[in-house]
Amino acid sequence: MAIKVDNLTHQFKGNRNETVTAISNLSLSVEKGEFFVIVGPSGCGKSTLLDLLAGLQLPTQGRIVVNGKQVSKPSLTRGFVFQQYALLPWRTTIENVAIGLEELGLKRKERLAKAASYIELVGLKGFEETYPHQLSGGMKQRVAIARSLAYDPEVLLMDEPFGALDAQTRESLQLELLEIWRKTNKTIVFITHSIDEAIVLGQRVAVMSQRPGRISHIVDTPLFETKKKEDPRSLPAFAMHRQNVWNLLHGEEEVYAWNE
Ligand SMILES: Nc1ncnc2c1ncn2[C@@H]1O[C@H](COP(=O)(O)OP(=O)(O)OP(=O)(O)O)[C@@H](O)[C@H]1O
């Protein structure tokens with residue numbers, strides 16, 4: 001088991017000092033190497049859950065264990081990719097990717113070689129010396145993914161990483177991320193508003209309910225093995241899973257059992 005969350009509750013203080021319960025009694029488990037996607041309405045606590053998994057905040061109640069260790073602070077063993085790329089504008093691609101490696105204490109030559117191999121993995125070979133302002137949104141997000149993978153985290157936490165991209169770039173990055181996941185065997189927890197994105201990417205899709213957030217359903221979603229030019233979204237199975245997750249998100253029952 002890569003991630004085990006037990007009875008997690010998280011509260012904030014609101015503007016008038018009232019208590020806002022963002023997450024209530026949430027439990028879940030994620031297997032090692034799994035691609036686990038969480039989908040839910042705006043404000044249901046998805047980002048709060050990811051921040052807690054990252055150790056950026058500590059839960060009001062409950063426990064998070066990642067690869068056998070209780071999470072109590074941020075750590076390089078958990079990579080984080082945000083919607084906004086968070087690249088340093090004064091650093092080149094290769095220098096941005098190498099940031100985490102400095103903290104690991106690698107020598108400069110080793111850092112650059114490792115960073116270069118991850119830049120190649122995300123399809124940016126040839127852009128090592130460019131600066132963020134010279135890259136498109138999709139390319140910047142590839143740099144952010146390469147940076148998170150370069151220090152070899154056990155778990156990759158992704159908070160709407162493709163949310164700011166145009167539809168076409170978003171769709172091609174989804175398929176590229178699946179390729180990267182297959183090559184690296186990372187455990188990925190991925191948050192999205194998009195049902196389509198959840199179904200393209202996830203081996204399981206967790207549906208969160210309105211605030212206070214908890215997981216209302218977990219749906220097994222197959223990974224679609226398609227030929228190079230085929231879009232998984234055009235497959236009949238995809239449409240059925242889409243309808244199913246849509247129903248669950250809108251408070252209706254699961255409409256079918258998909259047996260393959
Ligand atoms: N620092 C904070 N202080 C007070 N309330 C907060 C804070 N952060 C989040 N909240 C509240 O907690 C709830 C959950 O927020 P969160 O950002 O986790 O939701 P979300 O599902 O990621 O939303 P979205 O999909 O719109 O990004 C919201 O009601 C939000 O207003």
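FYI, the numbering just counts along the sequence from 1. Note that ligands are numbered from 1 as they come in the structure, with each ligand's atoms numbered from 1 the same way.
Between C44 and ligand 1 there is a heavy-atom distance shorter than 4.0 Å. Under a 4.0 Å heavy-atom criterion, G14 is not in contact with ligand 1. Residue contacts with ligand 1 include K13, since one or more of its heavy atoms lies under 4.0 Å from the ligand.
With S24 contributing its side chain and G213 its backbone, the two residues share no donor-acceptor pair below 3.5 Å.
Atom 14 (C) of ligand 1 is approached by the protein to below 4.0 angstrom, counting heavy atoms only. At least one protein heavy atom sits closer than 4.0 Å to atom 23 (O) of ligand 1.
Ligand-side atoms of ligand 1 in range of G43: 13 (C), 14 (C), 19 (O), 20 (P), 21 (O), 23 (O), 24 (P), 25 (O), 26 (O), 28 (C), 29 (O), range being under 4.0 angstrom from any heavy atom.
The shortest contact between atom 26 (O) of ligand 1 and any protein heavy atom is with S42 OG, 2.5 Å. Given atom 18 (O) of ligand 1, the protein heavy atom at minimum distance is T48 OG1, 2.5 Å.
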Could you pull out every donor-acceptor pair under 3.5 Å between side chains of residues 64-73 and any protein atom, sequence neighbours left out?
from	atom 1	to	atom 2	distance (Å)
N67	OD1	K32	NZ	3.4
N67	ND2	E154	OE1	2.9
Q70	OE1	R63	NH1	3.4

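At a heavy-atom distance under 4.0 Å, only side-chain atoms of H193, from C-beta outward, approach ligand 1.
Between A22 and ligand 1, no pair of N/O atoms sits closer than 3.5 Å.
A donor-acceptor pair shorter than 3.5 Å can be found between the side chains of D159 and S47. Side-chain atoms of R233 and Q174 include a donor-acceptor pair closer than 3.5 Å.
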